[in-house]
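Presented below is the structure to which this report refers.
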2 protein chains.
Amino acid sequence: MRNSVRELRETAGLSQAGLAAELGVSRQTVNSIETGRYDPSLPLAIAIARRFTTTVEEIFHVD
Amino acid sequence: MRNSVRELRETAGLSQAGLAAELGVSRQTVNSIETGRYDPSLPLAIAIARRFTTTVEEIFHVD
DNA sequence: CGCCGATGTCAAGCATCCTTGTCATGTCAA
DNA sequence: TTGACATGACAAGGATGCTTGACATCGGCG
């Protein structure tokens, strides 16, 4: 599962910690998603998509 | 987290077991998602959306 | 140099997702 | 009535998501 969270976050000028705070999760969670350690839960994926005013399918692609 | 999986499945004339087979998960998983026991994982949510040619956001709504 | 913000990663623990197996109920057709 | 199918639900266990806490590295800046 590839995702474009890092690109979106950097474009928005946010740090991992900053985005994590906005999403209400830990910095390690954002880092783990960006580095592909694991996929976010569905509610978190939707929250990420909403944060960047886009859709889940735009951000997360099945391999 | 509300979802419209049951409506989509019934409109498609599928049983829970039939949909589960198409998605590669157990019947109990489909049942649990429909009855709101828990949310699907992100990859499963995407697979469900694709099965019904719609989007994750169309099917799953945060409360 | 010393400090700080940002990132990567690990470990341990808890929560959630998904499994197989099982049992109960309801409905419909033979 | 009997049997097959569909659904709802529970238990136990494995897999995954998320947490806090910690430690290391790197780059920029005083």
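By convention in this document, chain letters (A, B, ...) are assigned in the order of the sequence lines, proteins followed by strands, and residues within each chain are numbered from 1. Below, each value reflects all heavy atoms present in this structure, side chains not excepted, and no hydrogens, waters or symmetry copies.
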Rounded to whole Å, the OH-P distance (B:Y38 to D:dG8) equals 13 Å

Taken to the nearest whole Å, CD1/B:I33 to P/D:dT7 is 14 Å

On DNA chain C, more 5' by nearest nucleotide between B:S26 and A:S32 is A:S32

- Query: Salt bridge between A:R50 and B:E57, side-chain N to carboxylate O under 4.0 Å?
  - Reply: no

Original post:
Is there a donor-acceptor contact under 3.5 Å from the side chain of A:N3 to the main chain of A:I59?
Top reply: no

* Judged by atom type as modelled, is there a donor-acceptor pair below 3.5 Å linking the side chain of A:T11 to the main-chain atoms of A:E7? -> yes

Under-4.0 Å side-chain N/O to phosphate OP1/OP2 contact, B:Q16 with D:dC5: no

note: B:D39, atom CG; D:dC18, atom C1'; distance rounded to Å ~ 15 Å

Inset, instruction - Please lay out, stage by stage, how A:R37 and A:N31 fare under the test side-chain contact (heavy atoms from CB on, under 4.5 Å). - result: CA-CA 8 Å; A:R37 247 203 254 310; A:N31 181 69; 4.0 Å; yes

- Message: Any base atoms under 4.0 Å from A:G24, or only sugar-phosphate, or nothing? Heavy atoms, all strands.
- Response: sugar-phosphate

Taking for B:L44 and for A:R37 the nucleotide of DNA chain C with the nearest heavy atom, the one nearer the 5' end belongs to A:R37

Correct closest heavy-atom pair for B:A49 and B:V56 would be CB-N, 3.6 Å

message: Go through it in stages, so that I can follow the logic: the residues are B:I46 and A:F60, the test is side-chain contact (heavy atoms from CB on, under 4.5 Å), and I'd like the CA-CA distance, side-chain angles, deciding distance and then a yes or no.
response: CA-CA 9 Å; B:I46 292 175; A:F60 302 93; 4.3 Å; yes

Under a 4.0 Å heavy-atom cutoff, the residues of residues 1-11 of chain B touching DNA chain D are B:R6, B:R9

* Asked: Is B:S15 touching bases, backbone alone, or none of the nucleic acid, heavy atoms closer than 4.0 Å?
  -> sugar-phosphate

Rounded to whole Å, CG of B:L14 lies from P of D:dC5 at a distance of 16 Å

Side-chain atoms of B:Q28 come closest, of D:dG8, D:dC18, D:dC10, to D:dC10

In the 5' to 3' direction, the nucleotides of DNA chain C bounding the stretch that comes under 4.0 Å of a heavy atom in chain B are C:dC17 to C:dT22

Nearest-nucleotide check on DNA chain D, B:P43 vs B:R27; residue mapping nearer the 5' end is B:R27

By the Watson-Crick or G-U definition, both distances under 3.5 Å, C:dA30 is matched with D:dT1

Heavy atoms of A:P40 and A:I33 approach each other most closely as CB-CD1, 3.6 Å

Regarding A:G18, tell me which of base, sugar-phosphate or nothing describes its non-hydrogen contacts under 4.0 Å with the strands shown. nothing

Can B:R9 and B:E34 be said to form a side-chain contact (heavy atoms from CB on, under 4.5 Å), step by step? CA-CA 10 Å; B:R9 176 181 60 79; B:E34 287 191 0; 2.5 Å; yes

Under 4.0 Å, heavy atoms only, any strand: does B:S41 hit a base, just the sugar-phosphate, or nothing? sugar-phosphate

In short, B:M1 meets B:V62 closest at the heavy-atom pair SD-N, 4.0 Å

Any side-chain N or O of B:N31 under 4.0 Å from OP1/OP2 of D:dT7? no

Quiz question: by atom type and distance under 3.5 Å, do the side chains of A:S26 and A:T29 form a donor-acceptor pair? yes

